[in-house]
Trainee: 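First the structure, which I've put down as structure tokens, then a few questions once you've had a look.
Just so it is clear: chains get the letters A, B, ... in the order the sequence lines come, proteins before strands, and each one is counted from 1.
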There are 2 protein chains.
Amino acid sequence: MQNLDATDRAILGILSREARIPMKSLAGRIGLSRSATTERVTRLEKAGLIRGYRADIGQLEEGQIEAFLMVTLRRTPSLGVLDRLAGFTSVRRVSSVSGQLDLVVEVRVASINALNELRNDVAQLENVEDLTTSIVLRREIERS
Amino acid sequence: MQNLDATDRAILGILSREARIPMKSLAGRIGLSRSATTERVTRLEKAGLIRGYRADIGQLEEGQIEAFLMVTLRRTPSLGVLDRLAGFTSVRRVSSVSGQLDLVVEVRVASINALNELRNDVAQLENVEDLTTSIVLRREIERS
DNA sequence: GCGTGCATCAGGCAATCCGCCGGTTGCGCC
DNA sequence: GGCGCAACCGGCGGATTGCCTGATGCACGC
């Protein structure tokens with residue numbers, strides 16, 4: 001089980017989001033017979049690529065909004081900005097990245113208002129040139 | 001659906017680890033009939049407490065390079081793209097977001113070559129209009 | 001070429017499971 | 001008591017599953 005082909009990847013893709021789908025439907029979606037599909041799934045399970053099937057349990061507490069702040073700096077690196085960012089409790093993760101952007105900041109806030117305030121605070125930090133905000137509408141895939 | 005009783009919690013507990021279990025077996029484990037169990041599960045699903053069922057996908061090999069792929073789609077939403085993305089074991093998280101972008105895809109790969117191949121694969125997916133890649137240089141802040 | 005072994009696939013059968021329905025029980029309320 | 005309602009149980013027909021047999025494609029060695 002070194003390399004998975006496109007069919008294997010299609011199986012993983014569908015099962016990772018619809019784990020309770022009947023084998024027959026899965027077979028139809030990937031264009032194989034039911035028995036062949038079952039064999040592939042069994043192989044993927046035994047190879048450890050499918051570790052199990054989990055219900056995705058919603059959180060009991062509501063009102064948590066997550067967002068990505070894409071930050072461009074005037075000069076990089078910028079320790080000052082990182083220090084300031086670390087001061088916000090709603091900041092969950094900050095990654096320095098290559099390319100057009102400089103920082104990807106992941107935040108979790110209680111409301112749109114809180115997000116807006118945070119956004120303004122970050123945008124006004126010394127050395128922040130540009131900032132675009134993308135609110136997470138839905139977490140489509142989440143692993144490990 | 002404010003307060004879930006002990007039976008509901010037992011259902012969530014079992015399904016969160018064995019999502020593909022037959023309703024009859026689940027019913028036996030919690031001490032109810034199959035139809036009553038099905039009703040409870042349906043209620044939990046409709047209440048949003050069970051958001052879905054996902055296969056737990058393992059990784060082929062441990063990678064050390066992480067990156068963000070910022071994806072713009074031609075039409076949204078796009079189930080096909082999500083299915084395909086979920087098929088790549090190096091894809092760790094996918095978020096639908098508002099704004100200029102449509103998807104933020106977080107990946108972990110073994111090498112720059114692997115990232116390049118993945119990037120090409122994703123860029124060529126049906127319905128993907130634009131794709132920009134930001135390699136994570138350093139994880140500056142990481143919480144919970 | 002040609003047989004062998006192996007991996008992968010399709011189709012069929014009996015057993016099981018699911019969606020749906022009617023019927024029962026328990027309980028609060030007027 | 002009589003009523004409404006929520007939760008439960010059991011059963012039916014159709015769908016799905018596990019398991020089997022057999023067909024196909026392909027690499028390998030002689």
Side-chain angles (χ1 to χ4, degrees), chain A residues 1-60 62, chain B residues 1-61 79-80 82-91 114 117 121 124-126:
Chain A
M1 178 54 61
Q2 334 265 19
N3 12 353
L4 15 171
D5 58 18
T7 306
D8 287 326
R9 259 184 270 113
I11 290 174
L12 293 178
I14 292 171
L15 281 182
S16 71
R17 300 195 303 118
E18 301 167 56
R20 280 190 73 93
I21 188 176
M23 280 300 147
K24 187 185 178 186
S25 308
L26 178 60
R29 297 255 291 264
I30 64 174
L32 281 185
S33 74
R34 183 185 63 83
S35 44
T37 305
T38 304
E39 282 178 26
R40 278 178 179 263
V41 171
T42 304
R43 215 179 331 118
L44 290 168
E45 287 169 351
K46 288 196 174 149
L49 274 160
I50 297 177
R51 284 189 284 207
Y53 302 94
R54 329 240 167 267
D56 182 3
I57 307 299
Q59 53 190 357
L60 295 175
E62 290 295 325
Chain B
M1 175 51 65
Q2 324 275 13
N3 17 353
L4 20 167
D5 59 17
T7 306
D8 287 326
R9 259 181 263 113
I11 289 174
L12 292 179
I14 292 171
L15 282 182
S16 70
R17 322 190 109 266
E18 303 166 58
R20 279 190 72 92
I21 189 175
M23 279 301 145
K24 186 186 178 185
S25 309
L26 178 60
R29 298 255 291 263
I30 64 175
L32 281 185
S33 73
R34 183 184 63 83
S35 41
T37 305
T38 305
E39 281 178 27
R40 277 178 180 264
V41 171
T42 303
R43 209 174 344 110
L44 290 168
E45 288 169 351
K46 289 199 174 148
L49 275 159
I50 296 177
R51 281 189 287 205
Y53 303 95
R54 333 236 165 267
D56 182 2
I57 306 299
Q59 268 190 292
L60 272 182
E61 52 203 295
L79 279 182
L82 290 174
D83 282 347
R84 303 306 181 90
L85 286 175
F88 295 105
T89 57
S90 44
V91 169
E117 287 178 18
D121 288 343
Q124 281 164 24
L125 286 183
E126 184 80 20

Trainee: Does A:Asp8 reach the side chain of A:Leu49, with side-chain heavy atoms less than 4.5 Å apart?
Mentor: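 No. Closest side-chain heavy atoms not under 4.5 Å.
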Trainee: Can you tell me which nucleotide in C:dC18, C:dA10, D:dC19 comes closest to the side chain of A:Ser33?
Mentor: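 It is C:dA10.
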Trainee: Got a donor-acceptor contact below 3.5 angstrom from the B:Arg20 side chain to the A:Ala19 backbone?
Mentor: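 Yes: the side chain of B:Arg20 pairs with the backbone of A:Ala19.
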Trainee: Evaluate the side-chain proximity of B:Asp56 to A:Ile50: yes if any heavy-atom separation is below 4.5 Å, no if none is.
Mentor: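 They are not in side-chain contact.
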Trainee: Give the rounded distance in Å between these two atoms: CE of A:Met23 and C1' of D:dC19.
Mentor: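 That distance rounds to 15 Å.
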Trainee: For D:dC8 and B:Arg40 - does any side-chain N or O of the residue sit under 4.0 Å from the phosphate oxygens OP1/OP2?
Mentor: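 Checking B:Arg40 against D:dC8: at least one side-chain N or O falls below 4.0 Å of OP1 or OP2.
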Trainee: B:Ile21 CD1 to C:dC17 P: how many Å, rounded?
Mentor: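 B:Ile21 atom CD1 is separated from C:dC17 atom P by 11 Å.
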Trainee: Which whole-number value in Å describes the distance from A:Leu32 CG to C:dG11 P?
Mentor: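 Rounded to whole Å, this separation is 11 Å.
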Trainee: Would you mind telling me which residue lines up with the more 5' stretch of DNA chain D, B:Arg20 or B:Thr7, judged by nearest nucleotide?
Mentor: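 Nearest nucleotide further toward 5': that of B:Thr7.
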Trainee: I need the CZ-C1' distance between A:Arg29 and D:dT16, as an integer number of Å.
Mentor: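 My rounded result for the distance is 17 Å.
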Trainee: What is the distance from NZ of B:Lys46 to P of D:dA6, rounded to the nearest Å?
Mentor: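 After rounding, the reported distance stands at 14 Å.
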Trainee: Side chain of A:Arg43, heavy atoms from C-beta onward: which of D:dT17, D:dC8, C:dC9 has the nearest atom to it?
Mentor: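 Between D:dT17, D:dC8, C:dC9, the one nearest the side chain of A:Arg43 would be C:dC9.
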Trainee: Heavy atoms from C-beta onward define the side chain here; which of C:dC20, D:dC8, D:dT17 lies closest to that of B:Glu39?
Mentor: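 Looking only at heavy atoms from C-beta outward on B:Glu39, the closest nucleotide is D:dC8.
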Trainee: In this structure, how many angstroms lie between the C1' atom of C:dC9 and the CG atom of A:Asp8, rounded?
Mentor: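 Distance, rounded to whole Å: 14 Å.
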Trainee: Is the shortest side-chain heavy-atom distance between A:Arg17 and B:Leu85 below 4.5 Å?
Mentor: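 A:Arg17 does not reach B:Leu85 side chain to side chain.
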Trainee: Any idea which of D:dC8, C:dA10, C:dG19 is nearest the B:Ala36 side chain?
Mentor: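 Between D:dC8, C:dA10, C:dG19, the one nearest the side chain of B:Ala36 would be D:dC8.
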Trainee: If you take atom types as modelled and just measure distance, does the side chain of B:Ser35 reach the base of D:dG10 with a donor-acceptor pair under 3.5 Å?
Mentor: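 Present.
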Trainee: Could you tell me if the side chain of B:Arg34 sits less than 4.5 Å from the side chain of B:Thr37, heavy atoms only?
Mentor: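 Not in contact.
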Trainee: Please determine, for the side chain of A:Pro22, which listed nucleotide (C:dG19, C:dC9, D:dT17) has the closest atom?
Mentor: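 Ranking C:dG19, C:dC9, D:dT17 by closest atom to the A:Pro22 side chain puts D:dT17 first.
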